[in-house]
K.L.:
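The structure follows.
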Amino acid sequence: MTDKNYDIVVLGGAIIGSAIAYFLARELGSGRSICVIERDPTYAQASTSLSLASIRVQFSTPLNIAISRFGYSFLESIGEVLEVDGDRPDAGIKANGYLLMAGESGRALLQKNQIIQQQAGAQVALLEPADIQARYPYINTDEVALAALGLAEEGWFDAYSVMQALRRKASSLGVTYMKDEACGLEMSGPRVTAVNLASGERLAAGIVVNATGPRAAKTAAWAGIELPVHPRKRSVFVFDCKERFPDSPLIIDPSGVYVRPEGEHYVCGWSPPEEDDRDCEDFEVEWNLFEEKLWPILAQRVPAFEAIKVTRAWAGHYAMNVIDHNAILGSHPEVSNFYMANGFSGHGVQQSPAVGRGLAELIVGGSYRSLDLSPFGFERFAQGRLIREENVI
(Lines give C-alpha, C1' and ligand atoms only; values in the text may rest on other atoms or scores of the structure.)
Protein backbone atom coordinates (compact mmCIF):
# COMPACT_ATOMS: atom_id res chain seq x y z
CA MET A 1 0.00 0.00 0.00
CA THR A 2 1.39 3.40 -1.00
CA ASP A 3 2.09 5.82 1.82
CA LYS A 4 0.23 9.11 1.86
CA ASN A 5 1.93 12.34 2.82
CA TYR A 6 0.37 15.29 4.64
CA ASP A 7 1.82 18.46 6.05
CA ILE A 8 -0.47 18.20 9.08
CA VAL A 9 -2.41 15.23 10.46
CA VAL A 10 -5.05 15.92 13.13
CA LEU A 11 -6.02 12.91 15.23
CA GLY A 12 -9.67 13.28 16.22
CA GLY A 13 -12.34 14.99 14.16
CA ALA A 14 -14.92 16.09 16.73
CA ILE A 15 -15.37 19.73 17.68
CA ILE A 16 -11.77 20.36 18.84
CA GLY A 17 -10.14 18.61 15.91
CA SER A 18 -12.50 20.16 13.38
CA ALA A 19 -12.02 23.64 14.84
CA ILE A 20 -8.25 23.24 14.55
CA ALA A 21 -8.60 21.94 10.99
CA TYR A 22 -10.85 24.82 9.96
CA PHE A 23 -8.60 27.53 11.37
CA LEU A 24 -5.51 25.81 9.95
CA ALA A 25 -7.06 25.74 6.49
CA ARG A 26 -8.01 29.40 6.83
CA GLU A 27 -4.47 30.31 7.91
CA LEU A 28 -2.64 28.21 5.32
CA GLY A 29 -4.80 28.65 2.24
CA SER A 30 -4.45 26.00 -0.46
CA GLY A 31 -0.70 25.52 -0.27
CA ARG A 32 -0.53 22.89 2.49
CA SER A 33 -2.25 19.53 3.00
CA ILE A 34 -4.28 18.74 6.12
CA CYS A 35 -5.83 15.40 7.03
CA VAL A 36 -8.19 14.69 9.93
CA ILE A 37 -8.47 11.10 11.15
CA GLU A 38 -11.82 10.26 12.74
CA ARG A 39 -12.65 6.71 13.74
CA ASP A 40 -16.45 7.24 13.87
CA PRO A 41 -17.94 9.90 11.55
CA THR A 42 -21.34 9.32 13.17
CA TYR A 43 -19.83 10.77 16.38
CA ALA A 44 -22.26 8.63 18.37
CA GLN A 45 -19.91 8.34 21.34
CA ALA A 46 -17.90 11.51 20.84
CA SER A 47 -17.64 13.79 23.87
CA THR A 48 -18.98 16.59 21.65
CA SER A 49 -22.19 14.71 20.88
CA LEU A 50 -22.68 13.69 24.51
CA SER A 51 -21.88 17.11 25.94
CA LEU A 52 -24.45 19.46 27.46
CA ALA A 53 -22.85 22.11 25.22
CA SER A 54 -22.96 24.94 27.71
CA ILE A 55 -20.85 28.08 27.60
CA ARG A 56 -20.04 30.43 30.45
CA VAL A 57 -17.93 33.39 31.42
CA GLN A 58 -18.08 32.49 35.11
CA PHE A 59 -14.51 31.30 35.43
CA SER A 60 -11.98 32.45 38.00
CA THR A 61 -9.07 33.00 35.57
CA PRO A 62 -9.01 35.88 33.07
CA LEU A 63 -7.69 33.67 30.27
CA ASN A 64 -10.55 31.17 30.55
CA ILE A 65 -12.99 34.08 30.54
CA ALA A 66 -11.40 35.53 27.39
CA ILE A 67 -11.53 32.10 25.71
CA SER A 68 -15.26 31.81 26.42
CA ARG A 69 -16.00 35.36 25.31
CA PHE A 70 -14.38 34.69 21.95
CA GLY A 71 -16.20 31.36 21.75
CA TYR A 72 -19.55 33.04 22.28
CA SER A 73 -18.87 35.68 19.64
CA PHE A 74 -17.82 32.93 17.23
CA LEU A 75 -21.05 31.02 17.86
CA GLU A 76 -23.05 34.16 17.17
CA SER A 77 -21.29 34.62 13.84
CA ILE A 78 -21.13 31.06 12.48
CA GLY A 79 -23.93 31.65 9.99
CA GLU A 80 -21.63 34.01 8.14
CA VAL A 81 -18.22 32.57 9.03
CA LEU A 82 -19.00 28.90 8.32
CA GLU A 83 -21.35 29.36 5.37
CA VAL A 84 -20.85 26.80 2.59
CA ASP A 85 -22.68 27.10 -0.74
CA GLY A 86 -25.37 29.28 0.76
CA ASP A 87 -25.96 26.98 3.74
CA ARG A 88 -25.70 29.14 6.85
CA PRO A 89 -25.46 27.09 10.06
CA ASP A 90 -27.14 28.13 13.30
CA ALA A 91 -25.59 27.46 16.70
CA GLY A 92 -29.01 27.46 18.38
CA ILE A 93 -27.84 29.60 21.28
CA LYS A 94 -30.07 29.79 24.37
CA ALA A 95 -28.65 32.73 26.32
CA ASN A 96 -30.27 31.95 29.69
CA GLY A 97 -27.03 32.21 31.67
CA TYR A 98 -25.70 30.26 34.63
CA LEU A 99 -27.01 30.71 38.17
CA LEU A 100 -24.16 29.56 40.39
CA MET A 101 -25.37 29.34 44.00
CA ALA A 102 -23.30 29.12 47.16
CA GLY A 103 -23.79 28.73 50.87
CA GLU A 104 -22.22 31.10 53.36
CA SER A 105 -18.84 29.37 53.03
CA GLY A 106 -18.81 30.12 49.29
CA ARG A 107 -19.83 33.78 49.47
CA ALA A 108 -16.30 35.20 49.45
CA LEU A 109 -15.28 33.13 46.43
CA LEU A 110 -18.25 34.34 44.37
CA GLN A 111 -17.44 37.92 45.30
CA LYS A 112 -13.77 37.47 44.44
CA ASN A 113 -14.60 35.83 41.12
CA GLN A 114 -17.06 38.55 40.14
CA ILE A 115 -14.33 41.16 40.42
CA ILE A 116 -12.08 39.09 38.12
CA GLN A 117 -14.95 38.50 35.70
CA GLN A 118 -15.92 42.16 35.50
CA GLN A 119 -12.29 43.19 34.98
CA ALA A 120 -12.20 40.73 32.07
CA GLY A 121 -15.29 42.33 30.50
CA ALA A 122 -17.83 39.72 31.58
CA GLN A 123 -21.26 40.72 32.83
CA VAL A 124 -22.01 38.85 36.05
CA ALA A 125 -24.42 39.95 38.78
CA LEU A 126 -24.39 38.86 42.41
CA LEU A 127 -27.83 38.04 43.77
CA GLU A 128 -28.91 37.82 47.38
CA PRO A 129 -31.64 35.24 48.16
CA ALA A 130 -34.39 37.85 47.82
CA ASP A 131 -33.03 38.83 44.40
CA ILE A 132 -33.05 35.21 43.29
CA GLN A 133 -36.67 34.75 44.30
CA ALA A 134 -37.68 37.98 42.60
CA ARG A 135 -36.20 36.76 39.30
CA TYR A 136 -36.97 33.07 39.67
CA PRO A 137 -39.82 32.59 42.19
CA TYR A 138 -39.85 28.81 41.63
CA ILE A 139 -36.40 28.45 43.24
CA ASN A 140 -36.18 27.70 46.96
CA THR A 141 -33.27 29.70 48.40
CA ASP A 142 -32.92 27.83 51.69
CA GLU A 143 -29.23 27.51 52.61
CA VAL A 144 -28.25 29.82 49.75
CA ALA A 145 -26.25 32.85 50.87
CA LEU A 146 -25.39 34.32 47.47
CA ALA A 147 -25.59 33.49 43.77
CA ALA A 148 -23.81 34.68 40.64
CA LEU A 149 -25.79 35.11 37.42
CA GLY A 150 -24.27 35.52 33.99
CA LEU A 151 -26.13 38.34 32.27
CA ALA A 152 -24.54 37.93 28.84
CA GLU A 153 -22.42 35.48 26.83
CA GLU A 154 -23.68 32.49 28.80
CA GLY A 155 -26.08 29.69 28.08
CA TRP A 156 -26.06 26.60 25.89
CA PHE A 157 -26.08 25.71 22.22
CA ASP A 158 -26.22 22.91 19.64
CA ALA A 159 -22.70 21.49 19.76
CA TYR A 160 -23.39 18.78 17.19
CA SER A 161 -24.51 21.31 14.59
CA VAL A 162 -21.49 23.52 15.31
CA MET A 163 -19.15 20.55 14.97
CA GLN A 164 -20.71 19.54 11.65
CA ALA A 165 -20.51 23.15 10.41
CA LEU A 166 -16.79 23.28 11.28
CA ARG A 167 -16.21 19.96 9.54
CA ARG A 168 -18.14 21.00 6.44
CA LYS A 169 -16.32 24.33 6.22
CA ALA A 170 -12.93 22.71 6.74
CA SER A 171 -13.70 20.22 3.97
CA SER A 172 -14.73 23.05 1.65
CA LEU A 173 -11.30 24.62 2.27
CA GLY A 174 -9.50 21.46 1.19
CA VAL A 175 -9.14 19.49 4.42
CA THR A 176 -9.28 15.71 3.95
CA TYR A 177 -11.37 13.74 6.45
CA MET A 178 -10.47 10.05 6.68
CA LYS A 179 -12.55 7.39 8.44
CA ASP A 180 -9.94 5.33 10.23
CA GLU A 181 -8.32 4.93 13.63
CA ALA A 182 -4.78 5.84 14.57
CA CYS A 183 -2.99 2.93 16.24
CA GLY A 184 0.55 4.23 16.56
CA LEU A 185 3.13 6.86 15.70
CA GLU A 186 6.52 6.44 14.07
CA MET A 187 9.38 8.48 15.47
CA SER A 188 12.77 9.59 14.20
CA GLY A 189 14.67 10.92 17.16
CA PRO A 190 12.58 13.64 18.83
CA ARG A 191 10.11 14.01 15.93
CA VAL A 192 7.00 12.21 14.77
CA THR A 193 7.37 11.10 11.17
CA ALA A 194 4.22 9.10 10.47
CA VAL A 195 0.85 7.95 11.76
CA ASN A 196 -0.08 4.28 11.49
CA LEU A 197 -3.75 3.49 10.98
CA ALA A 198 -5.86 0.48 11.90
CA SER A 199 -6.62 -0.06 8.21
CA GLY A 200 -2.93 -0.67 7.55
CA GLU A 201 -2.32 2.69 5.91
CA ARG A 202 0.63 4.84 6.87
CA LEU A 203 0.44 8.64 6.76
CA ALA A 204 3.73 10.49 6.63
CA ALA A 205 3.26 13.74 8.53
CA GLY A 206 5.19 16.93 9.10
CA ILE A 207 3.08 17.83 12.14
CA VAL A 208 0.69 15.72 14.22
CA VAL A 209 -2.04 17.20 16.42
CA ASN A 210 -3.53 15.19 19.28
CA ALA A 211 -7.25 16.00 19.58
CA THR A 212 -8.40 12.59 20.76
CA GLY A 213 -10.37 13.70 23.81
CA PRO A 214 -10.61 11.10 26.60
CA ARG A 215 -8.11 8.89 24.69
CA ALA A 216 -5.46 11.63 24.58
CA ALA A 217 -3.09 9.99 27.06
CA LYS A 218 -2.99 6.76 25.03
CA THR A 219 -2.26 8.76 21.88
CA ALA A 220 0.51 10.76 23.56
CA ALA A 221 2.11 7.58 24.91
CA TRP A 222 2.88 6.53 21.32
CA ALA A 223 5.25 9.51 21.22
CA GLY A 224 6.74 8.64 24.62
CA ILE A 225 4.79 11.41 26.36
CA GLU A 226 3.06 10.98 29.70
CA LEU A 227 -0.06 13.12 29.53
CA PRO A 228 -2.09 13.63 32.75
CA VAL A 229 -5.46 13.27 31.02
CA HIS A 230 -7.90 10.64 32.28
CA PRO A 231 -11.40 9.62 31.07
CA ARG A 232 -14.00 10.42 33.72
CA LYS A 233 -17.61 9.36 33.17
CA ARG A 234 -20.55 11.72 33.55
CA SER A 235 -24.19 10.59 33.52
CA VAL A 236 -26.85 13.02 32.29
CA PHE A 237 -30.56 12.52 32.97
CA VAL A 238 -33.51 13.92 31.04
CA PHE A 239 -36.80 14.40 32.85
CA ASP A 240 -40.26 15.84 32.33
CA CYS A 241 -42.10 18.16 34.67
CA LYS A 242 -45.66 19.46 34.33
CA GLU A 243 -44.55 22.94 35.33
CA ARG A 244 -42.45 24.77 32.76
CA PHE A 245 -39.76 27.35 33.49
CA PRO A 246 -38.49 28.32 30.02
CA ASP A 247 -36.60 31.34 31.35
CA SER A 248 -34.61 29.21 33.76
CA PRO A 249 -30.84 29.58 33.73
CA LEU A 250 -28.55 26.63 34.20
CA ILE A 251 -29.03 26.28 37.96
CA ILE A 252 -26.05 25.00 39.92
CA ASP A 253 -26.94 24.05 43.48
CA PRO A 254 -24.34 24.54 46.24
CA SER A 255 -24.01 20.74 46.21
CA GLY A 256 -22.83 20.85 42.60
CA VAL A 257 -26.00 19.31 41.18
CA TYR A 258 -27.08 21.17 38.05
CA VAL A 259 -30.29 21.39 36.04
CA ARG A 260 -31.46 23.37 33.02
CA PRO A 261 -34.29 23.30 30.49
CA GLU A 262 -33.77 21.45 27.22
CA GLY A 263 -36.64 22.11 24.84
CA GLU A 264 -39.75 20.73 26.51
CA HIS A 265 -37.68 18.77 29.01
CA TYR A 266 -34.94 19.29 31.61
CA VAL A 267 -31.46 17.85 31.89
CA CYS A 268 -29.53 17.35 35.10
CA GLY A 269 -26.35 15.84 36.43
CA TRP A 270 -23.49 16.13 38.88
CA SER A 271 -19.72 15.89 39.03
CA PRO A 272 -18.50 13.78 41.97
CA PRO A 273 -15.77 14.97 44.32
CA GLU A 274 -12.28 14.31 43.02
CA GLU A 275 -11.58 11.50 45.45
CA ASP A 276 -14.59 9.57 44.09
CA ASP A 277 -14.00 10.39 40.42
CA ARG A 278 -12.42 7.26 38.99
CA ASP A 279 -11.14 6.51 35.50
CA CYS A 280 -13.84 4.93 33.38
CA GLU A 281 -14.22 4.25 29.67
CA ASP A 282 -17.64 2.58 29.50
CA PHE A 283 -20.87 4.34 28.57
CA GLU A 284 -23.14 2.69 31.14
CA VAL A 285 -25.49 5.15 32.83
CA GLU A 286 -25.22 5.28 36.62
CA TRP A 287 -28.97 5.05 37.16
CA ASN A 288 -28.73 4.94 40.95
CA LEU A 289 -27.23 8.43 40.89
CA PHE A 290 -30.56 10.01 40.01
CA GLU A 291 -32.59 8.39 42.79
CA GLU A 292 -29.95 8.60 45.48
CA LYS A 293 -28.32 11.95 44.79
CA LEU A 294 -29.96 14.16 42.20
CA TRP A 295 -33.69 13.92 42.75
CA PRO A 296 -33.69 14.80 46.47
CA ILE A 297 -31.58 17.90 45.82
CA LEU A 298 -33.61 18.94 42.76
CA ALA A 299 -36.87 18.62 44.67
CA GLN A 300 -35.50 20.65 47.54
CA ARG A 301 -34.17 23.41 45.30
CA VAL A 302 -37.15 23.59 42.92
CA PRO A 303 -40.24 22.21 44.69
CA ALA A 304 -42.00 21.60 41.38
CA PHE A 305 -39.36 18.97 40.67
CA GLU A 306 -40.80 16.74 43.37
CA ALA A 307 -43.12 15.37 40.67
CA ILE A 308 -40.95 14.51 37.69
CA LYS A 309 -40.41 11.57 35.38
CA VAL A 310 -37.08 10.50 33.95
CA THR A 311 -37.48 9.81 30.23
CA ARG A 312 -33.94 8.90 29.21
CA ALA A 313 -30.29 9.25 30.14
CA TRP A 314 -26.85 8.95 28.63
CA ALA A 315 -23.23 8.82 29.74
CA GLY A 316 -20.20 10.54 28.23
CA HIS A 317 -16.70 11.38 29.36
CA TYR A 318 -14.69 14.34 30.48
CA ALA A 319 -11.08 14.37 29.33
CA MET A 320 -9.90 15.33 32.79
CA ASN A 321 -6.55 16.99 33.34
CA VAL A 322 -6.02 15.58 36.79
CA ILE A 323 -3.28 18.06 37.72
CA ASP A 324 -5.01 21.44 37.37
CA HIS A 325 -8.24 20.83 35.40
CA ASN A 326 -7.26 23.12 32.53
CA ALA A 327 -6.43 22.60 28.87
CA ILE A 328 -3.02 21.39 27.73
CA LEU A 329 -2.13 23.20 24.52
CA GLY A 330 0.76 23.52 22.12
CA SER A 331 3.77 21.45 21.15
CA HIS A 332 5.58 19.14 23.52
CA PRO A 333 8.98 20.47 24.64
CA GLU A 334 10.70 17.19 23.69
CA VAL A 335 8.67 16.31 20.58
CA SER A 336 8.43 19.63 18.80
CA ASN A 337 6.15 18.59 15.93
CA PHE A 338 3.60 16.89 18.21
CA TYR A 339 0.90 19.36 19.23
CA MET A 340 -1.65 18.86 21.98
CA ALA A 341 -5.21 20.08 22.41
CA ASN A 342 -6.16 18.00 25.41
CA GLY A 343 -7.39 17.84 28.99
CA PHE A 344 -10.25 20.34 28.80
CA SER A 345 -11.95 18.79 31.84
CA GLY A 346 -15.47 19.40 30.55
CA HIS A 347 -14.81 22.76 28.87
CA GLY A 348 -13.70 21.60 25.43
CA VAL A 349 -16.88 22.29 23.51
CA GLN A 350 -17.11 25.91 24.65
CA GLN A 351 -13.38 26.48 24.27
CA SER A 352 -13.04 24.92 20.81
CA PRO A 353 -13.22 28.15 18.75
CA ALA A 354 -10.44 29.90 20.66
CA VAL A 355 -8.35 26.72 20.82
CA GLY A 356 -8.76 26.09 17.10
CA ARG A 357 -7.74 29.65 16.26
CA GLY A 358 -4.85 29.63 18.73
CA LEU A 359 -3.36 26.28 17.69
CA ALA A 360 -3.57 27.30 14.02
CA GLU A 361 -1.70 30.53 14.78
CA LEU A 362 0.94 28.65 16.75
CA ILE A 363 1.46 25.94 14.14
CA VAL A 364 1.55 28.28 11.17
CA GLY A 365 3.30 31.33 12.62
CA GLY A 366 5.15 29.97 15.62
CA SER A 367 3.29 32.07 18.20
CA TYR A 368 -0.17 32.99 19.43
CA ARG A 369 -1.41 36.24 17.91
CA SER A 370 -5.04 36.80 18.86
CA LEU A 371 -5.03 35.47 22.41
CA ASP A 372 -1.95 34.27 24.26
CA LEU A 373 -2.67 30.68 25.24
CA SER A 374 0.92 29.92 26.22
CA PRO A 375 0.06 29.62 29.96
CA PHE A 376 -1.68 26.35 29.00
CA GLY A 377 1.54 24.86 27.63
CA PHE A 378 2.77 21.46 28.80
CA GLU A 379 5.85 23.11 30.31
CA ARG A 380 3.80 24.53 33.17
CA PHE A 381 3.78 21.21 34.99
CA ALA A 382 7.56 21.00 35.29
CA GLN A 383 7.86 24.72 35.99
CA GLY A 384 5.21 24.75 38.72
CA ARG A 385 3.03 27.27 36.87
CA LEU A 386 -0.25 25.47 37.46
CA ILE A 387 -3.46 27.29 36.57
CA ARG A 388 -5.91 26.97 39.43
CA GLU A 389 -9.46 27.27 38.13
CA GLU A 390 -11.79 27.55 41.10
CA ASN A 391 -15.00 27.22 39.09
CA VAL A 392 -14.85 23.61 37.94
CA ILE A 393 -18.35 22.30 37.20
K.L.:
Salt bridge or not between Glu286 and Lys293? Use side-chain N to carboxylate O under 4.0 Å.
P.N.:
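No.
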K.L.:
So Phe70 and Phe23, would you call those rings parallel, tilted or perpendicular, with 30° and 60° as cut-offs?
P.N.:
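Rings of Phe70 and Phe23: tilted, 30 to 60°.
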K.L.:
Decide yes or no on side chain to side chain contact (heavy atoms under 4.5 Å, CB included) for Val349 and Ile16, but give the supporting numbers first.
P.N.:
CA-CA 7 Å; Val349 168; Ile16 293 289; over 6 Å; no
K.L.:
Is the shortest heavy-atom distance from the side chain of Pro375 to the side chain of Ile387 under 4.5 Å?
P.N.:
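The answer is yes, as the side chains (C-beta and beyond) meet within the 4.5 Å cut-off.
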K.L.:
Distance from Leu127 atom CG to Leu149 atom CG, nearest 0.5 Å?
P.N.:
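Between Leu127 CG and Leu149 CG, I get 5.5 Å after rounding to 0.5 Å.
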K.L.:
Using a 3.5 Å distance criterion without hydrogens, assess whether the side chain of Asp158 forms a donor-acceptor pair with backbone atoms of Gly92.
P.N.:
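No, Asp158 side chain to Gly92 backbone: no donor-acceptor pair under 3.5 Å.
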K.L.:
Please confirm whether Arg260 makes a cation-pi placement over Tyr98, using NZ or CZ under 6.0 Å from the six-membered ring centre and within 45° of the ring normal.
P.N.:
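No, Arg260 and Tyr98 do not form such a contact.
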K.L.:
With the threshold set at 4.0 Å, does a side-chain nitrogen-carboxylate oxygen contact exist between Arg301 and Asp253?
P.N.:
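A salt bridge is present here (some side-chain N lies under 4.0 Å from a carboxylate O).
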K.L.:
With His230, which residues qualify under ring-ring contact (aromatic ring centres under 6.0 Å, His included), at least two apart?
P.N.:
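Partners of His230 under the ring-ring contact (aromatic ring centres under 6.0 Å, His included) test: none.
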K.L.:
Relative to each other, are the rings of Phe74 and Tyr22 parallel, tilted or perpendicular (30° and 60° limits)?
P.N.:
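Rings of Phe74 and Tyr22: tilted, as their planes differ by 30° to 60°.
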K.L.:
So if I apply the side-chain hydrogen bond (donor to acceptor under 3.5 Å, both in side chains) rule between Ser60 and each of Lys112, Arg388, Glu389, which one comes out positive?
P.N.:
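Only one option passes, and that is Glu389.
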K.L.:
Could you tell me whether His332 and Phe378 have their ring centroids closer than 6.0 angstrom?
P.N.:
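Aromatic pair counts; centres sit under 6.0 Å.
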K.L.:
Looking only at atom types and distance, does a side-chain atom of Arg244 sit under 3.5 Å from a main-chain N or O of Pro246, one as donor and one as acceptor?
P.N.:
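Checking the backbone N and O of Pro246 against the side chain of Arg244, no donor-acceptor pair under 3.5 Å is found.
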K.L.:
Rounded to the nearest 0.5 Å, what separates atom OH in Tyr43 from atom CD in Gln164?
P.N.:
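The distance works out to 6.0 Å.
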K.L.:
Sequence neighbours excluded, which residues qualify as side chain to side chain contact (heavy atoms under 4.5 Å, CB included) partners of Gln383?
P.N.:
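With neighbours one apart ignored, the set is Glu379, Arg385.
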K.L.:
Would you find a donor on one side and an acceptor on the other, under 3.5 Å apart, between the side chain of Thr219 and the backbone of Arg215?
P.N.:
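Indeed, once roles are kept as given, a pair shorter than 3.5 Å links the two residues.
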K.L.:
Counting heavy atoms not belonging to Glu143, are there more than 12 under 6.0 Å from its CD?
P.N.:
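Atom CD in Glu143 is not packed in, count stays at 12 or less.
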K.L.:
Would you compute the distance between atom OG of Ser367 and atom CD of Glu361 and round it to the nearest 0.5 angstrom?
P.N.:
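If I round to the nearest 0.5 Å, the distance is 8.0 Å.
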K.L.:
Ignoring hydrogens and angles, tell me if any N or O in the side chain of Glu153 forms a donor-acceptor pair with the backbone of Ala122 under 3.5 Å.
P.N.:
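Between the backbone of Ala122 and the side chain of Glu153 there is no qualifying donor-acceptor contact (under 3.5 Å).
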K.L.:
Measuring from Phe157:CZ to Leu52:CG, what's the distance to the nearest 0.5 Å?
P.N.:
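The CG atom of Leu52 is 11.0 Å from CZ of Phe157, to the nearest 0.5 Å.
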K.L.:
Using a 4.5 Å cut-off on heavy atoms from C-beta on, say whether the side chain of Thr176 contacts that of Lys4.
P.N.:
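When only atoms from C-beta onward are counted, Thr176 and Lys4 do not touch, as no gap falls below 4.5 Å.
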K.L.:
Please check: side-chain N/O of Asn342 versus main-chain N/O of Leu329, any donor-acceptor pairing under 3.5 Å?
P.N.:
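Not a single qualifying donor-acceptor pair exists.
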K.L.:
Is there a donor in the side chain of Asn64 and an acceptor in the side chain of Gln351, or the other way round, less than 3.5 Å apart?
P.N.:
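Yes, side-chain donor-acceptor contact under 3.5 Å.
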K.L.:
Establish, yes or no, whether the cationic atom of Arg232 lies under 6.0 Å from the six-membered ring centre of Tyr318 and within 45° of the ring axis.
P.N.:
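No, Arg232 does not lie over the aromatic ring of Tyr318.
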K.L.:
First locate atom CD of Glu38, then atom OG of Ser18, and finally report the distance between them rounded to the nearest 0.5 Å.
P.N.:
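Going from CD on Glu38 over to OG on Ser18, the span is 8.0 Å.
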K.L.:
Return the CZ to CG distance between Arg357 and Leu362, rounded to the nearest 0.5 Å.
P.N.:
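Rounded to the nearest 0.5 Å, the CZ-CG separation comes to 13.0 Å.
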K.L.:
May I have the step-by-step check of side chain to side chain donor-acceptor pair (under 3.5 Å) for Arg56 and Ser68, ending in yes or no?
P.N.:
CA-CA 6 Å; Arg56 60 186 169 105; Ser68 285; over 6 Å; no
K.L.:
Evaluate the ring planes of Phe245 and Tyr266, with Trp represented by its six-membered ring, and classify them as parallel (under 30°), tilted (30 to 60°) or perpendicular (over 60°).
P.N.:
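Answer is tilted, since the angle falls between 30° and 60°.
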K.L.:
Can you classify the ring geometry of Phe237 versus Phe290 as parallel (below 30°), tilted (30 to 60°) or perpendicular (above 60°)?
P.N.:
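The arrangement is tilted - the two ring planes meet at 30° to 60°.
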K.L.:
Do Phe59 and Gln117 come close enough that some side-chain heavy atom pair is under 4.5 Å?
P.N.:
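Heavy-atom side-chain distance check fails, nothing below 4.5 Å.
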K.L.:
What I want to find out is whether Lys233 reaches Asp282 closely enough, with some N-O distance under 4.0 Å, to be called a salt bridge.
P.N.:
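Between Asp282 and Lys233 there is a salt bridge, with a charged N closer than 4.0 Å to a carboxylate O.
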K.L.:
Out of curiosity, does Val195 fall in the hydrophobic cluster containing Ile225 (side-chain heavy atoms, cut-off under 4.5 Å, transitive links)?
P.N.:
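Yes; Val195 is reachable from Ile225 via cluster members.
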K.L.:
Does the pair Ser54 and Gln350 meet the rule for a side chain to side chain donor-acceptor pair (under 3.5 Å), with working shown?
P.N.:
CA-CA 7 Å; Ser54 302; Gln350 64 184 290; over 6 Å; no
K.L.:
Between the side chains of Glu83 and Lys169, is the shortest nitrogen-to-carboxylate-oxygen separation below 4.0 Å, so that they form an ion pair?
P.N.:
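Judged by the 4.0 Å cut-off on N to carboxylate O distance, Lys169 and Glu83 do not form a salt bridge.
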